[in-house]
Amino acid sequence: MQFHHHGYVSGDPRVQPPAGVGVDRPEHVPDEVDVLIVGSGPAGMIAAAQLAQFPGITTRLVERRAGRLQMGQADGIQARSVETFQAFGFAERITAEAYRITEMCFWKPDPDEPKNIVRTARPSDDATGISEFPHLIVNQARVLDYFAEVAANAPTRLTPDYGLELVRLEVADDGDHPVTVTLRRTAGPKTGEERTVRAKYVVGCDGAHSAVRESIGCKPVGDKANHAWGVMDILAVTDFPDVRTKCAIQSHDGGSILLIPREGGFLVRWYVDLGAVPEGDHGAVRRTPLAEIITRANEIIHPYTLDVRDAPWHSVYEVGHRVTDRFDDVPTELAGERMPRVFIAGDACHTHSAKAGQGMNVSMQDGWNIAWKLAHVLTGRAPESLLRTYSDERQVVAQNLIDFDRQWSSLMAARPDELEDPSTLEDFYVRTAEFLFGFMTQYQTSMIVDGPTHQDLAAGFPIGKRFKSAPVERVADGNPVHLGHHARADGRWRVYAFADPAAAGESSALTDWAEWLRTSPTSPLLGYTPEGTDPDSVFDVKVIYQQDHTAVDVSRVPGVFLPRVGPFALVDYEKVYAVDPRDDIFDRRAIERSTGAVVVVRPDQYVAAVLPLTATDELAAFFARNLLRPPAPAAPEGALMTSARETDLLAP
């Protein structure tokens, strides 16, 4: 965490000074907003937390509930989500209160006594070291609390507007605020009262029965529900030995349980198989009483017993697998002809079972994806065409999730004797761990994802996939750190320059690249950084040398990697890194040592480009596709204008 660069901070550095629309923020939703987020689930809250970092954007979030979520709903937090929490500044705190999954037990019928179950496998949760981040279990309500804290501490002081639901939504063909939304109060003395709000953009994160989705005519496509599960968070006494370990339990008669220990040491979530949903059920299975779910659980875990002492929450759900036909308001026949104004995210556009622990995790990536793009468009940093990439990117991810969950759900619901191999379920779990952890997403070539021409220069950073961090040493203080953990959810592009073999300050491809970035008229750093802002306000540029930190003379490092920031023009030393000799990042990520490489990373941590240090024209062309030059400040009459960011804050 970096602070003090704007003056001494004596309080909590996570609380930023209010700025822009956060100064004297109105208590109630104003008549006009830039972005209206509907729904305070994972997609809505991460979108709010991201947009709250931009002082000039008026964002409001409405939620039909009267207050914060208390309990229930999702609880599985994959490693990719913890990595995301790191960017938003609360990974360590939420990890401290969460349950951590380190292994999973598989139970099946005893071959000698099929009515009894026995443990058959106990694989590690991350045997191959997919991520340095853990796999956690924590109540969704706490995840939302942390994102709410980030938003409230941001410059715009964003807080949810509870007790408001969307009634209808209309999109006009033109106008500065073309989306008209009718809201209705659901709580308080004015319950039932309606009012109208106009927005530039609307993001619907309002769940599986989304009113936003219905308003823009999007249709869920896929299988209807055909299997029911009872889910209960319980405090219980049991002789089942693995009650504090994640388990998949399959019984002799086809019934199965997914057991998830919860945070706090005592609470456990049980997903209990209730069987196929008969034709003409019309939702009757959803009225299955808690006592029946407990009875079924005891039948499945025989010879063990379960004595439930308290059930703070329980529900019954039917498994269906659906993806909405599009994720924005542009009809298919008009794609490419008009710009989207309304978007849907999370359960509003993909529904599936809860057993793979993916819903909340994928929803958060939906919300982050659209939020940074809206921020760039609304601040004039990017063209409006950037918004088209949201549906293109996230719809593919959602379909991959549905395909995976359909397989996992089918395996969980099958009787062991129906499977070709008794170990099919656990083998599938281990084999698909990278998907389960949230790291299989790979965006295709677009205006913000370059082609694979130079992928071989940094094979360990696949273009389109999330930037996979690795250990390095910070040169200024010798601290061992993870390179990617320094990145924050602040809307900036990251540009990592991996040096060729020369030492700092020696003539090299890196030195030439740094000079081009500092002085050239074609430099993205000079072309897209607004006048009067810090030189790293749009691009966070870092260098990684091949030597260890003791062999890097920071006084010889090019000035572009030591920008002067804040009102006192202080030097930022946390952009210069060296290899950790115990775990060399060049080896671990297969970076070409003879030439070095440039790795460009999007604001949501996905690798956008890999280029040679000599490919300055290609780097300039890449950013020309997805960024807009800020308007030049008006010059006083007779003044001599320069392109001179390099003359002050980027001194060599």
Side-chain angles (χ1 to χ4, degrees), residues 79-80 83-84 87 130-131 362 365-366 368-370 372-373 376 382 385-386 388-400 434-435 437-470 472 482-484 486-487 491-500 509-510 513 517 524 528 538-544 585-627:
R80 169 60 184 145
E83 185 176 68
T84 298
I130 294 170
S131 174
V362 174
Q365 298 305 317
D366 289 345
W368 196 7
N369 186 294
I370 186 56
W372 77 261
K373 293 171 181 178
H376 278 214
S385 55
L386 175 65
R388 289 174 174 156
T389 66
Y390 169 70
S391 188
D392 291 342
E393 290 185 340
R394 297 308 299 173
Q395 193 170 20
V396 173
V397 173
Q399 187 59 59
N400 290 341
E434 188 174 1
F435 187 96
F437 281 22
F439 296 133
M440 283 299 288
T441 296
Q442 185 164 21
Y443 296 133
Q444 298 305 301
T445 303
S446 68
M447 65 185 289
I448 49 173
V449 178
D450 207 12
T453 304
H454 304 291
Q455 181 67 81
D456 60 320
L457 295 179
F461 292 120
I463 297 168
K465 298 188 79 170
R466 126 283 185 189
F467 180 82
K468 190 174 183 180
S469 185
V472 291
H482 251 270
L483 183 62
H486 193 261
R492 291 187 294 171
W493 286 85
R494 264 77 202 180
V495 181
Y496 297 95
F498 290 89
D500 48 348
L510 175 74
W513 183 85
L517 198 62
Y528 302 109
V538 176
F539 301 101
D540 181 13
V541 183
K542 291 179 167 63
V543 61
I544 304 91
I585 190 173
F586 281 77
D587 292 336
R588 181 182 272 221
R589 296 291 173 258
I591 301 164
E592 177 55 54
R593 290 184 178 276
S594 64
T595 61
V598 175
V599 178
V600 179
V601 180
R602 300 173 4 168
D604 57 354
Q605 300 181 322
Y606 285 86
V607 177
V610 172
L611 296 167
L613 286 163
T614 54
T616 53
D617 288 346
E618 290 181 57
L619 183 60
F622 172 77
F623 283 115
R625 295 202 305 266
N626 57 67
L627 291 178

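It should be emphasised that the depicted structure is a prediction, and the values quoted were computed from it without experimental measurement. Start at 1 with the first residue, then count along the sequence.
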| request: Please step through side chain to side chain contact (heavy atoms under 4.5 Å, CB included) for the pair Y443 and D392, ending with a clear verdict. | output: CA-CA 9 Å; Y443 296 133; D392 291 342; over 6 Å; no
| Just by distance, do the side chain of N626 and the backbone of M447 share a donor-acceptor pair under 3.5 Å? | yes
| note | The reported gap from CG in D500 to OG in S594 (rounded to nearest 0.5 angstrom) is 9.0 Å
| request: Any chance you could lay out the side chain to side chain contact (heavy atoms under 4.5 Å, CB included) test for V495 and K542, step after step, and finish with the verdict? | output: CA-CA 6 Å; V495 181; K542 291 179 167 63; over 6 Å; no
| note | Heavy atoms of Y528 and V538 approach each other most closely as O-CG2, 3.5 Å
| Gap between atom CD of Q605 and atom OG1 of T84 - 0.5 Å precision | 5.5 Å
| Salt bridge present between D587 and R593 (N-O < 4.0 angstrom) | yes
| message | Given the ring of F539, does R492 sit roughly above its face, with NZ or CZ under 6.0 Å from the centre of the six-membered ring and within 45° of the axis? | response | no
| message | Could you go through L613 and T595, starting from their C-alpha distance and side-chain angles, then the distance that decides it, and tell me whether this counts as side chain to side chain contact (heavy atoms under 4.5 Å, CB included)? | response | CA-CA 7 Å; L613 286 163; T595 61; over 6 Å; no
| request: State the CG-CZ distance between D540 and R494, to the nearest 0.5 angstrom. | output: 4.5 Å
| message | With a 4.5 Å cut-off on side-chain heavy atoms, are P612 and E592 touching? | response | no
| message | Quick check on the 6.0 Å ring-centre criterion: do F461 and Y496 meet it? | response | no
| message | Once you measure the plane-to-plane angle for W493 and F623, does it fall in the parallel (<30°), tilted (30-60°) or perpendicular (>60°) bin? | response | perpendicular
| Has the side chain of H482 got a donor or acceptor atom that lies under 3.5 Å from a matching backbone atom of V472? | no
| task | Take R466 and F439 through the test side chain to side chain contact (heavy atoms under 4.5 Å, CB included) and record every step on the way to the result. | result | CA-CA 7 Å; R466 126 283 185 189; F439 296 133; 3.4 Å; yes
| field | Under the salt bridge (charged side-chain N to carboxylate O under 4.0 Å, His left out) test, residues paired with R625 that sit two or more places apart | value | D450
| Test side chain to side chain contact (heavy atoms under 4.5 Å, CB included) applied to N400 - qualifying residues, sequence neighbours left out | V396, F435
| query | Taking all non-hydrogen atoms of both residues, which atom of W513 and which atom of A497 are closest, and how far apart? | reply | CZ3-CB, 3.7 Å
| task | Measure across G464 and Y606 and return the closest heavy-atom pair with its distance rounded to 0.1 Å. | result | O-CD2, 3.4 Å
| query | Say you draw a straight line from CD1 of I544 to CD1 of I591; how long is it, rounded to the nearest 0.5 Å? | reply | 7.0 Å
| message | Side chains of P462 and V607, heavy atoms from C-beta outward: is any pair under 4.5 Å? | response | no
| Least distance between heavy atoms, I130 atom then K468 atom | O-CE, 3.3 Å
| Exam field: side chain R394 to backbone V362, donor-acceptor pair closer than 3.5 Å | yes
| said: Between L386 and I448, is there a side-chain heavy-atom distance shorter than 4.5 Å? | reply: yes
| Between A620 and P524, what is the shortest heavy-atom contact and its length? | CA-CG, 4.3 Å
| Donor-acceptor pair, side chain of R589 and main chain of S469, under 3.5 angstrom | yes
| Test side-chain hydrogen bond (donor to acceptor under 3.5 Å, both in side chains) applied to T441 and K465, step by step | CA-CA 6 Å; T441 296; K465 298 188 79 170; over 6 Å; no
| request: Using atom types as modelled and distance alone, determine if a side-chain donor or acceptor of Q442 lies under 3.5 Å from a backbone N or O of I463. | output: yes
| message | Does this structure show an ion pair linking R602 with E393, if we count only N-O contacts that are shorter than 4.0 Å? | response | yes
| query | Any donor-acceptor pair under 3.5 Å linking the side chain of Q395 with the backbone of A398? | reply | no
| query | R388: what forms a side chain to side chain contact (heavy atoms under 4.5 Å, CB included) with it, not counting sequence neighbours? | reply | M339, P340, S385
| field | OG on S131 to CD on E83, rounded to 0.5 Å | value | 6.0 Å
| query | What distance separates D604 CG from K373 NZ, expressed to the nearest 0.5 Å? | reply | 6.5 Å
| request: Determine whether F498 and I585 make a side-chain contact, defined as any pair of heavy atoms from C-beta on separated by less than 4.5 Å. | output: yes
